[in-house]
Amino acid sequence: ATRCGVARLQGETDIAKDDRVLVTIESLSSDYRLQMETALEERNKERILTGQPRYEDIEDMVTKYQEFEGEKLGMSRAEAEDAVLSYLQKKALMDEGAY
């Protein structure tokens, strides 16, 4: 199956919804979840420095993202989770200097 992030570049074709494999919080291994929580801690430090409130946990970040962006894009909870986890994965890689 093809993994498709929620955001797409202009000009990319839509992939049928049934063909997408979404990463959800429930599907994370304990090691991967730990990496995502570490990336969230770093994101919270950035938010605090800019005067924004911190996220309590990954689930809180997903809820806030869904309220802020997901509702107007018509995202499901699973799609919002996929988008947030994709962001945190990229953040973790960038923080390690691997991206």
Side-chain angles (χ1 to χ4, degrees):
T2 302
R3 185 184 184 291
C4 176
V6 175
R8 290 185 294 274
L9 297 174
Q10 184 177 4
E12 283 189 310
T13 59
D14 286 338
I15 295 175
K17 215 171 196 177
D18 295 330
D19 291 343
R20 292 185 295 166
V21 176
L22 300 175
V23 178
T24 61
I25 295 167
E26 186 178 286
S27 71
L28 299 179
S29 69
S30 58
D31 288 340
Y32 190 74
R33 180 160 181 134
L34 182 59
Q35 286 181 321
M36 297 303 94
E37 289 173 353
T38 300
L40 177 63
E41 288 175 20
E42 291 303 312
R43 179 65 183 127
N44 275 333
K45 289 177 187 176
E46 295 167 358
R47 288 179 62 83
I48 289 167
L49 290 173
T50 61
Q52 297 175 306
R54 63 184 301 280
Y55 298 115
E56 294 301 316
D57 52 27
I58 296 170
E59 290 83 354
D60 183 44
M61 185 175 182
V62 170
T63 299
K64 297 290 191 319
Y65 178 75
Q66 191 170 20
E67 290 170 357
F68 179 74
E69 191 73 28
E71 286 178 1
K72 67 182 169 186
L73 296 175
M75 285 183 178
S76 68
R77 174 74 182 192
E79 289 170 321
E81 284 183 25
D82 182 73
V84 166
L85 292 171
S86 176
Y87 170 82
L88 290 174
Q89 179 184 30
K90 288 175 188 169
K91 175 134 194 56
L93 290 171
M94 287 175 34
D95 290 345
E96 291 177 6
Y99 191 60

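Start at 1 with the first residue, then count along the sequence. Note: hydrogens, waters and symmetry copies are ignored here, and every other heavy atom, side chains too, is used.
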Can you give me the closest heavy-atom contact between [X] and [Y], atom names plus distance?
{"X": "T24", "Y": "L85", "result": "C-CD1, 3.6 Å"}
{"X": "Q66", "Y": "S76", "result": "NE2-C, 3.5 Å"}
{"X": "Y55", "Y": "M61", "result": "CD2-CA, 3.6 Å"}
{"X": "E79", "Y": "G74", "result": "OE1-O, 3.9 Å"}
{"X": "I58", "Y": "L88", "result": "CG1-CD1, 4.3 Å"}

With rounding to the nearest 0.5 Å, note down the distance linking [atom1] in [X] to [atom2] in [Y].
{"X": "R43", "Y": "I48", "atom1": "CZ", "atom2": "CD1", "answer": "11.0 Å"}
{"X": "E67", "Y": "E69", "atom1": "CD", "atom2": "CD", "answer": "12.5 Å"}
{"X": "I25", "Y": "E59", "atom1": "CD1", "atom2": "CD", "answer": "4.0 Å"}
{"X": "M36", "Y": "S86", "atom1": "CE", "atom2": "OG", "answer": "9.5 Å"}

Return the set of residues passing side-chain hydrogen bond (donor to acceptor under 3.5 Å, both in side chains) with [X] (not counting sequence neighbours), or none when no residue passes.
{"X": "N44", "result": "none"}
{"X": "K72", "result": "none"}
{"X": "T50", "result": "Q52"}

Would you say L40 and Y32 are hydrophobically clustered, going by side-chain heavy atoms of ILVMFWY under 4.5 Å? yes
Same apolar cluster (I L V M F W Y, side chains within < 4.5 Å links), V23/L73: yes
Identify, with sequence neighbours excluded, every residue that meets salt bridge (charged side-chain N to carboxylate O under 4.0 Å, His left out) alongside [X].
{"X": "D57", "value": "none"}
{"X": "E37", "value": "R33"}
{"X": "E56", "value": "R54"}

Between E42 and K45, does any side-chain N to carboxylate O distance fall below 4.0 Å? yes
Residue of the set E96, E46, Q35 for which side-chain contact (heavy atoms from CB on, under 4.5 Å) holds with K91: E46
